[in-house]
There are 2 protein chains.
Amino acid sequence: MTNMKDIAKIAGVSSATVSRVINNNGYVSHITRQKVESAVEKLDYVPNSQAISLKKGATKTIGIIAPNITETITVLVKNFTLAAQKKGYTVILYLTENDPKKELNALELMRSKQLDGIFLIIRSNDWSTIESYTKYGPIVTWQRVKSPCISSVFIDQYDGYLLGLEHLYANGCRTIINLYSDIRRLNTKSRIKAYEYFCKKYDLTPHSPELFNNINSIQDGEHIAHWLANQEIKPDAFMTSSDAVAAGLVSQAKRLGYSLPEDFSVIGFDNIEISHLLDITTIDYSIHKQAENAFKMINNDLSLQKLTPEELDFTLIVRKTTK
Amino acid sequence: MTNMKDIAKIAGVSSATVSRVINNNGYVSHITRQKVESAVEKLDYVPNSQAISLKKGATKTIGIIAPNITETITVLVKNFTLAAQKKGYTVILYLTENDPKKELNALELMRSKQLDGIFLIIRSNDWSTIESYTKYGPIVTWQRVKSPCISSVFIDQYDGYLLGLEHLYANGCRTIINLYSDIRRLNTKSRIKAYEYFCKKYDLTPHSPELFNNINSIQDGEHIAHWLANQEIKPDAFMTSSDAVAAGLVSQAKRLGYSLPEDFSVIGFDNIEISHLLDITTIDYSIHKQAENAFKMINNDLSLQKLTPEELDFTLIVRKTTK
DNA sequence: TTGTAAGCGTTATCAC
DNA sequence: GTGATAACGCTTACAA
């Protein structure tokens with residue numbers, strides 16, 4: 001491969017001068033610049049990025065770590081990547097499949113100087129383990145976390161969740177079932193709080209959160225449809241924590257012969273493509289902006305050129321699964 | 001940051017010996033190995049991967065290039081990434097948004113030694129332009145291409161398409177409309193051929209391919225539903241080239257009051273999650289295996305340890321949009 | 001079995 | 001304005 005020395009030789013200058021030309025750095029006379037540039041052209045020269053990274057101690061590469069690629073995560077990955085590319089960063093995708101060891105491998109990439117920063121969408125290890133890697137570079141997460149060194153693009157979903165519950169109430173629903181993703185998570189705890197406040201406000205009897213815990217996937221949603229079919233007394237609405245769950249529930253319920261919103265109502269969460277396709281009422285909370293904010297936060301840690309994060313908000317998207 | 005010299009100093013050996021220990025390379029006495037290992041432990045040392053890459057002239061990094069992340073591409077990205085990780089490779093994701101310049105930037109990453117190989121899912125530049133980059137490393141694509149230097153995991157979709165058409169015929173459909181993605185593409189040309197053969201076989205009058213060209217997205221599928229609503233004489237089936245198109249068509253048609261398969265039939269292509277959710281009959285052609293094969297081909301070009309690609313095949317998945 | 005030293009391709013600090 | 005030259009952190013002949 002042709003390198004700086006080759007260019008220097010052809011152009012009749014030193015490699016220091018070549019470097020100056022390439023990087024527009026320091027004083028170079030017009031004439032030498034031209035000589036160098038034509039040599040670059042002639043030899044079809046491109047600087048070796050490994051050498052630059054080694055020298056500079058930075059790679060202009062950021063890692064995205066996630067357990068797998070769900071539709072929601074796709075939105076995050078896509079918008080983060082686009083934002084990063086726009087600022088000259090390159091993005092590495094690392095899938096952990098929820099294996100803490102694989103996550104560790106990914107974190108090690110930052111320690112071994114292959115990554116300048118990390119967007120850890122969903123973690124697998126303890127926060128304390130992850131925290132110990134922040135000394136090698138910035139880590140931003142999508143999850144809710146209270147840590148002095150890990151930033152988060154999380155927004156408390158209390159308000160968003162309440163938005164959905166109020167909509168159900170306004171449309172006559174009084175026995176609402178909440179499908180929670182993981183009651184140990186702070187995110188879910190906010191939802192539970194919103195539900196409890198809501199029940200108190202309208203004098204309804206809340207159901208225990210434990211009854212519907214760990215409902216996460218499309219399949220889980222489908223199971224709920226079957227569960228519903230077996231109930232004597234049926235609830236009149238489901239409030240979910242993701243469009244995926246809502247999609248599974250809605251599509252399976254239709255297969256079982258139910259019609260929505262006549263038989264019962266369902267509200268999703270995320271406003272991803274699938275909720276549009278299945279006409280599911282949902283809560284939008286601008287995931288794409290979260291992704292961009294994640295990049296901005298990492299960028300601000302790495303670069304002097306600061307980017308200001310955008311404000312996030314909730315919107316209720318009324319479709320055909322609620323009255 | 002602590003480096004080899006530091007370890008060497010602490011362990012009382014030369015950095016060459018440290019290297020041997022780290023890489024299990026060459027003869028090292030048990031006792032020195034232990035000294036080195038404890039020094040590594042003590043200083044919490046990790047080798048700098050930039051230095052290794054520079055020295056070795058390879059990065060163990062492969063790029064995935066795609067215009068954006070659709071659901072189908074997600075399957076490709078996911079399985080490729082997992083296969084690559086399993087073999088110790090790291091994966092870079094580069095989104096081009098169909099901008100040839102951005103694709104060029106991504107290809108340049110290989111030229112500048114940041115990438116060892118590339119999985120170019122869908123291209124934006126001319127094949128000849130892309131070919132010129134194969135001298136810097138292997139390029140494998142998902143698209144159909146006849147090139148001496150670019151490999152492809154493509155499979156001719158003639159058989160798969162015919163599978164769908166025959167199914168429609170068997171269920172009484174006689175006026176079938178084909179929604180093509182891009183009639184200039186070889187892939188589509190195979191579909192057209194299958195359709196023509198099919199028409200001749202059953203003595204049906206084929207419609208011109210130009211009538212339904214460039215139908216690619218969910219939105220395009222939705223438009224077709226509207227088009228259908230305005231027709232006096234309605235076709236009795238749609239054969240599509242992707243589940244996305246089928247999904248848009250089916251969901252919009254339902255919104256417009258049609259019921260499937262009573263009013264008409266629809267067959268998708270890909271068998272991605274969405275076709276399951278919407279109960280769309282579709283053609284499966286094991287995209288995940290294609291992704292794995294793509295990695296294997298790149299690996300085989302890069303490494304001495306050869307991996308054998310898997311055979312691919314088509315399966316008709318009958319669901320609720322055909323009789 | 002271990003050490004020396006050249007080199008991978010840059011950048012950046014000095015001189016001149 | 002430009003050129004030496006010393007890093008950056010590692011691998012690998014070649015010696016010893």
Side-chain angles (χ1 to χ4, degrees), chain A residues 1-37 39-40 43-61 88 108-116 136-137, chain B residues 1-37 39-40 43-61 88 108-116 136-137:
Chain A
M1 222 44 339
T2 133
N3 61 21
M4 270 198 166
K5 257 188 189 158
D6 301 333
I7 302 296
K9 202 180 291 171
I10 299 266
V13 296
S14 75
S15 51
T17 303
V18 177
S19 175
R20 288 190 192 101
V21 172
I22 304 269
N23 302 298
N24 269 318
N25 199 349
Y27 307 98
V28 183
S29 78
H30 194 65
I31 181 98
T32 33
R33 155 161 280 122
Q34 295 223 311
K35 280 192 289 184
V36 170
E37 277 169 351
V40 165
L43 294 197
D44 203 28
Y45 166 76
V46 164
N48 179 312
S49 38
Q50 302 309 320
I52 298 175
S53 298
L54 173 59
K55 185 67 204 178
K56 294 203 167 167
T59 55
K60 282 293 232 175
T61 304
E108 285 290 331
L109 289 179
M110 190 152 74
R111 194 158 155 236
S112 68
K113 295 279 165 198
Q114 207 165 136
L115 257 33
D116 290 349
Y136 307 114
Chain B
M1 224 39 342
T2 133
N3 60 19
M4 270 199 165
K5 256 190 191 156
D6 301 332
I7 302 297
K9 200 179 293 171
I10 299 265
V13 296
S14 77
S15 50
T17 303
V18 176
S19 174
R20 290 189 190 101
V21 172
I22 304 269
N23 301 299
N24 268 317
N25 198 349
Y27 308 98
V28 183
S29 78
H30 194 67
I31 181 97
T32 33
R33 155 159 280 121
Q34 296 222 311
K35 280 192 291 186
V36 169
E37 278 169 350
V40 165
L43 294 196
D44 202 31
Y45 167 75
V46 163
N48 179 313
S49 39
Q50 301 310 320
I52 298 176
S53 296
L54 174 59
K55 185 70 206 175
K56 295 206 168 167
T59 55
K60 283 292 229 175
T61 303
E108 285 290 332
L109 290 179
M110 190 153 74
R111 195 156 154 238
S112 68
K113 296 278 165 198
Q114 206 165 138
L115 257 33
D116 291 348
Y136 307 114

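First the proteins, then the strands, lettered A, B, ... as listed; each starts at 1.
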> Please find the earliest and latest nucleotides of DNA chain D, in the 5' to 3' direction, that have an atom within less than 4.0 Å of any heavy atom of chain A.
D/dG1 to D/dG9
> Nearest 0.5 angstrom please: A/Leu54 CG to A/Ser49 OG, how far?
11.5 Å
> Looking at five pairs on each end of the helix from C/dT1-D/dA16 to C/dC16-D/dG1, what is the angle between the two axes, given to 10 degrees?
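The helix from C/dT1-D/dA16 to C/dC16-D/dG1 shows an end-to-end axis angle of 40°.
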> When the distance from NZ of B/Lys113 to C1' of C/dG9 is rounded to whole Å, what number comes out?
12 Å
> I'd like to check the side-chain contact (heavy atoms from CB on, under 4.5 Å) partners of B/Asp44; sequence neighbours left out, ordered by chain and number.
A/Arg111, A/Tyr136
> Looking at A/Tyr45 and A/Ile22, what are the two nearest heavy atoms and their distance?
CE2-CD1, 3.7 Å
> If you assign B/Leu54 and B/Ser14 each to the DNA chain C nucleotide with the nearest heavy atom, which residue ends up on the more 5' nucleotide?
B/Ser14
> Write down the distance between CG (A/Asn24) and C1' (C/dT10), rounded to a whole number of angstrom.
17 Å
> Nearest 0.5 Å, please: how far is NZ in B/Lys55 from CG in B/Asn48?
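Here the rounded value is 14.0 Å.
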> May I have the list of side-chain donor-acceptor pairs in residues 7-16 of chain A shorter than 3.5 Å, sequence neighbours left out?
from, atom 1, to, atom 2, distance (Å)
A/Ser14, OG, A/Ala16, N, 3.3
A/Ser14, OG, A/Thr17, N, 3.4
A/Ser14, OG, A/Thr17, OG1, 3.4

> At under 4.0 Å between heavy atoms, what does B/Val18 touch on the DNA or RNA strands: base, sugar-phosphate, or nothing?
nothing
> Which heavy atom in B/Lys60 sits nearest to a heavy atom in B/Asp116, and how many Å separate them?
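Closest pair (atom of B/Lys60, atom of B/Asp116, distance): N-OD2, 2.7 Å.
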> Return the CG to OG1 distance between B/Leu43 and B/Thr2, rounded to the nearest 0.5 Å.
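The OG1 atom of B/Thr2 is 5.0 Å from CG of B/Leu43, to the nearest 0.5 Å.
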> Shortest non-hydrogen contact from A/Val28 to A/Arg33?
CG1-N, 3.8 Å
> For B/Ser53, answer base if it contacts any base atom (sugar-phosphate contacts may also be present), sugar-phosphate if it contacts only those atoms, and nothing otherwise; contact means non-hydrogen atoms under 4.0 Å.
nothing
> Taking all atoms of both residues into account, what is the closest heavy-atom pair of A/Pro47 and B/Ser112, and its distance?
O-CB, 3.4 Å
> Rounding to an integer number of Å, can you tell me how far B/Arg111 CZ sits from C/dG9 C1'?
16 Å
> In whole angstroms, how far is the C1' atom of C/dG3 from the NZ atom of B/Lys9?
16 Å
> Could you check which residues of residues 44-52 of chain A get a heavy atom under 4.0 Å from DNA chain D? Sort them by number, please.
none
> Do B/Thr32 and B/Lys35 have side-chain heavy atoms sitting under 4.5 Å apart?
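Touching, per the 4.5 Å side-chain cut-off.
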> Tabulate protein N/O versus nucleotide N/O from nucleotides 12-16 of chain C, keeping only pairs under 3.5 Å, one per line.
none

> What are the two closest non-hydrogen atoms of B/Met1 and A/Lys113, and how far apart are they?
CG-CE, 4.0 Å
> To the closest 0.5 Å, what do you measure between OG1 (B/Thr61) and CG (A/Leu109)?
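So the gap between those two atoms works out to 8.5 Å.
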